[in-house]
Every structure is written in C-alpha cells, then in structure tokens.
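First comes the structure, then the notes that go with it.
This is a predicted model, so every value here is computed, not measured.
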Amino acid sequence: MTETLDTLHRILDYSARPDPYPLYAELRRSPVALQEDGSYVVSTYRELTGILHDPHLSSDVRNLSRPMAAVQGRATPSFINLDPPEHDRLRRLAMRHFGPPHSPGLVSGMEPDLNATVSGLIDGFAGKEQIDIVDDFAYPFPVTVICHLLGVPREDEPRFHLWVNAIIDSIDYNPRTDPKEKLDRGVQATKDMHQYLGALLEQRHDRPGEDLLTRLANDDGPEGRMTDDEIVSTANLLLIAGHETTVNLIANGMLTLLRHPEVLRRLRSEPDLVVPLVEELLRYEPPVHIIPWRAAYSDIAVGDTVIPKGSQIMLMLASGSRDPDRFDHADRFDPDRADNQHLGFGSGIHLCFGGPMARLETQIALTELVRRLDGPRLVADPPPYRPSPVLRGPIHLHVERSG
C-alpha cells in the first residue's frame, strides 16, 4: 500500500507531467488500491471498464460518505455529475439539439465552417518562422467552434478564459497540499461563469437566435423544457468541455506526430489515415487522464476488492488505455491498431457527449497542419505542460518550420 501511495503522489506531482506512463505501469501492479484517506484508485483496463458500466457507481457528490472540498459550494450540477434518472433526462434533452436522432446532421454539417476556421488560422502563420501550436491554433480553433455553436460571443473569450483556468485548476484540489485560495478561485469562477451564461440565456428568451442556447431555452419537446438553472449548467459543461479536451487532443496529437516523423509523412500522403490515427491518439495520448472522483452508490465488487458504499473512487483512464493485458505493445503508437476500444472518452453512461465533434475537429486540424506546415520541428521536447494531471497536455508547443 505504501508503494501505491507513493506512486499516486508522484503521478499527481507536476514533475511527472511530461511522462506519467511508467508510473501508471507501477500503479497497475495493484489494480484497485486503497488510499490512506479511505479512497480507492482503479488503474487497469478490465477493472475500469467494469466499474464504468456498474450501476452502483455514482457521479453524484451526495453519495460520498465524506464531503469533498473540491465539489462543495458549486452551482446546480450538470448532468455529468448526476445519476439516472436525472442524468438521462438532461442528457436526452441536450442531445436533441446536438446529435442523432433529432439533430443527426449537426456535427457533419459544421465541416465546411471547421475547414474554413482551420485554414484561416494556418494562414495566420504566414511570415512566422516559429509558431505555438497551442496559442496560435489548438486553443483558438475549438474555442471559436464552441462559441459559435452555443451562441457565446467570441469576443468574450478573455473573460471566460480566466474563469475556465480557475475551474480546471481546482478540479484536483487537495486540502492537504494546496492553498485554500485555489479552491476559492474555482468556486468563484464557477459562480461568475454561471452568472455570465445566465445573462446570455435571458437574452435568448427575449431575442431568440439560431444557436444551441436558444434551442435549449425554447424547446417544447415531449419531456418539456430544462429549467433555466439546468440550461446554464449544461451550457457551462459544453463550453468548458467543448474546448478544453480538444485543445489537449490536437496539441498532444501534433506532438506525437512530430515525435513519429514516419507517421507524419504517411498522414501527409494518406489523409484517410487520420480517422484511425485520432483513435490511437485517444488511447496513446488522451486529453483526459483521470476522473478524479466517483462515489460508490452501494458496496461495489471491483476485481478482488469490495469498495464500501460512500467511498471516493479515482479512475485512472489513461493508465487503462496503456494496459498491456488489453493492448498489444501498449506503449507503442500504432495508427493501424485493430480493436482499439480505448478509454479516451470514458465509457458507460457518461461517455463523452461531445466526442463526435472533438474527433472531427482533431481530424481536420491534424490533416491540415501536416499538409501545410513545411518541415516542422519541435523547439523543446518535452514541451512545458499544463499544471493539471487530470486534463494533461502541453501549455505551449513551439514549432519551427522551413516555410
């Protein structure tokens, strides 16, 4: 147990951000590990997929036996932090306007706009010998997309960027090691974000537009409308998750291609390779590494361990996707990999809501970057990483190019 505790602490420490995978291998020696605070860490593919499909696993903080500081004082929870039937109802109401069966063409119909946005951003590289893939491309692209989709003014990005950073920073808050200001900033940022989105929602009630916020505000489907608080919480989730994960996926993807120049050259000549390549990226260098907490709704049997009701459970998704008991040559980047049922977007009822959009954005982004950048080279390897062990990706990715 001491060894497992030490390994987890090293994974969470910033020094592990460039390469946590050897530590995940250590962690997998104990598929389900009890921590000193009474929580449990699950790190192997079989156990992770089992528990993610277990109806006794709860996403609702009210089912934790001990209050968790990082989720206290928050606003109305989004459906990602609820269980059935509340979760199912809200997810269905949101999905009516985001995908099949009611809006089957939404994602594919955005492809021309996605291509135009990507082309415009790459055009902006003109005259620059060095570019930052994150600041110049991987961040503005999905932010522009989700703002357009939701109906959030793109010019407001500097305001909500600060709030999002504070919220993300507080996700992995540890009261034993982190200053309370880290948590307080996250709580205040959540309140500010909800107030901001609430004001936009009020505008849509009075002046409907063509955006998702308008459709949620004026939906009279068979299950009725969401309340305004539910709409704001859903919009908050979509705004944050709609760009944060995609930024990481694009940046991690370009970093991986630059580290594997033979695959980069192959993608340039075989653009259709991008579809399985993005799936392999979701396994090999996923945007979300950890689900920092779930609750045991009742006693849960996971492998040889019974996790007691009310226990906090940490799910190490990125570790499961590198589990050699599930994937041959798990530490090899292989875009031709078959049977690639990774955990990059989670699994079960909380499978990533925006996965189809993130996939398409990343496919277009990487295809065009590889096609149009001439002789790209990493300036620093490893690059500097974001602080979070949960949403892991470069904070900057400086690349030199020949032309």
Asp60 versus Ser58, side-chain donor and acceptor atoms under 3.5 Å: no

- request: Ignoring hydrogens and angles, state whether a donor on the side chain of Asp192 or Gln188 is under 3.5 Å from an acceptor on the partner side chain.
  value: yes

query: Just wondering, are more than 12 heavy atoms of other shown residues or ligands nearer than 6.0 Å to NZ in Lys309?
result: no

message: Salt bridge check, Arg294 against Asp83: does any charged N sit closer than 4.0 Å to a carboxylate O?
response: no

No-hydrogen, no-angle side-chain donor-acceptor test under 3.5 Å, Asn340 and His342: no

field: pair Val152-Leu197: side-chain heavy atoms closer than 4.5 Å
entry: yes

- prompt: When rounded to the nearest 0.5 angstrom, what distance separates CZ in Arg185 from CG in Asn165?
  reply: 11.0 Å

message: As an exercise, state the distance from CG of Leu317 to CG of Leu52, rounded to the nearest 0.5 Å.
response: 6.5 Å

query: Do the side-chain N and O atoms of Ser103 and Arg96 include a donor-acceptor pair separated by under 3.5 angstrom?
result: no

query: Does Ser347 reach the main-chain N or O of Leu343 with its side chain, forming a donor-acceptor pair under 3.5 Å?
result: no

query: Which heavy atom in Arg372 sits nearest to a heavy atom in Ser119, and how many Å separate them?
result: NH1-O, 3.4 Å

task: Describe, in one word, how the ring planes of Tyr24 and His289 are oriented to each other, choosing from parallel (under 30°), tilted (30 to 60°) and perpendicular (over 60°).
output: tilted

- request: For the pair Glu244 and Arg386, find out whether any cationic side-chain nitrogen is under 4.0 Å from an anionic carboxylate oxygen.
  value: yes

message: To the nearest 0.5 Å, what is the distance between CD1 on Ile395 and OH on Tyr139?
response: 11.5 Å

query: Got a donor-acceptor contact below 3.5 angstrom from the Asp13 side chain to the His9 backbone?
result: no

task: May I ask you to say whether Arg225 pairs ionically with Glu230, meaning some side-chain N is under 4.0 Å from a carboxylate O?
output: no

query: With no hydrogens and no angle check, is any side-chain donor or acceptor of Ser319 less than 3.5 Å from a backbone partner on Ser43?
result: yes

query: Does NZ or CZ of Arg326 come closer than 6.0 Å to the centre of the six-membered ring of Tyr45, within 45° of the ring's axis?
result: yes

query: Looking at Arg89 and Glu223, does any basic side-chain N land under 4.0 Å from a carboxylate oxygen?
result: no

message: Between Glu285 and Arg392 (salt bridge meaning N to carboxylate O under 4.0 Å), is one present in this structure?
response: yes

query: For Glu210, does the CD atom have more than 12 heavy-atom neighbours from other residues, nucleotides or ligands under 6.0 Å away?
result: no

message: Any carboxylate oxygen within less than 4.0 angstrom of a Lys/Arg side-chain nitrogen, looking at Arg215 and Asp211?
response: no

Crowding at CZ, Arg62 (>12 non-hydrogen neighbours, <6.0 Å): no

Note, Asp219 side chain near Leu216 side chain (heavy atom, < 4.5 Å): no

message: Can you confirm whether the side chains of Asp228 and His205 place a donor and an acceptor under 3.5 Å from each other?
response: yes

message: Looking at Arg377 and Leu258, would you say the former's side chain and the latter's main chain have a donor-acceptor pair under 3.5 Å?
response: no

Arg322 to Phe327 six-membered ring, cation-pi geometry met (6.0 Å, 45°): no

- prompt: Parallel, tilted or perpendicular: which fits the ring planes of His87 and His350, with parallel below 30° and perpendicular above 60°?
  reply: perpendicular

message: Between Asp37 and Ser39, is there a side-chain donor-acceptor contact under 3.5 Å, judged purely by atom types and distance?
response: yes

message: Counting neighbours of CZ on Arg154 that are heavy atoms of other residues, nucleotides or ligands and sit closer than 6.0 Å, is the number greater than 12?
response: yes

message: Are Gln35 and Met314 packed together at the side-chain level, in the sense that at least one heavy-atom pair is separated by less than 4.5 angstrom?
response: no

- line: In Asp323, Val302, Thr49, the residue satisfying side chain to side chain contact (heavy atoms under 4.5 Å, CB included) with Thr44 is Asp323

query: Take atom CD in Gln195; do more than 12 heavy atoms of anything else shown fall under 6.0 Å from it?
result: no

message: Are the side chains of Asn252 and Tyr284 in contact, using a 4.5 Å heavy-atom criterion?
response: no

Flag side-chain contact, heavy atom, 4.5 Å: Val41 against Val32: no

Short N-O contact, Arg207 and Glu202, less than 4.0 angstrom: no

- request: Using a cut-off of 6.0 Å, state whether more than 12 heavy atoms not belonging to Asp206 lie near its atom CG.
  value: yes

- request: Flag the pair Leu238 / Phe353 as yes when at least one side-chain heavy-atom distance between them is below 4.5 Å, and no otherwise.
  value: yes

message: Can you confirm whether Tyr385 is buried at OH, in the sense that more than 12 heavy atoms of other residues, nucleotides or ligands lie under 6.0 Å from that atom?
response: yes

field: Of Arg268, Arg266, Glu280, the residue whose pairing with Leu273 passes side chain to side chain contact (heavy atoms under 4.5 Å, CB included)
entry: Arg266

- prompt: Side-chain contact, heavy-atom cut-off 4.5 Å: Val263 with Pro335?
  reply: yes

message: Between Phe333 and His260, is the ring centroid distance below 6.0 Å?
response: yes

- prompt: Quick check: are there more than 12 heavy atoms from other residues, nucleotides or ligands sitting under 6.0 Å from CD of Glu262?
  reply: yes

field: Any side-chain heavy-atom pair of Phe141 and Val118 under 4.5 Å
entry: yes

- line: Smallest heavy-atom separation, Pro20 atom then Pro18 atom, equals CD-C, 4.0 Å

- prompt: Do Asn81 side-chain atoms and Pro77 backbone N/O form a donor-acceptor pair below 3.5 Å?
  reply: no

query: Do NZ/NE/NH1/NH2 and the carboxylate oxygens of Asp381 and Arg259 come within less than 4.0 Å?
result: yes

task: Please answer whether the main-chain N or O of Asp328 pairs with a side-chain N or O of Arg332 as donor and acceptor at a distance below 3.5 Å.
output: no

Ion pair Glu368/Arg371, N-O distance below 4.0 Å: yes

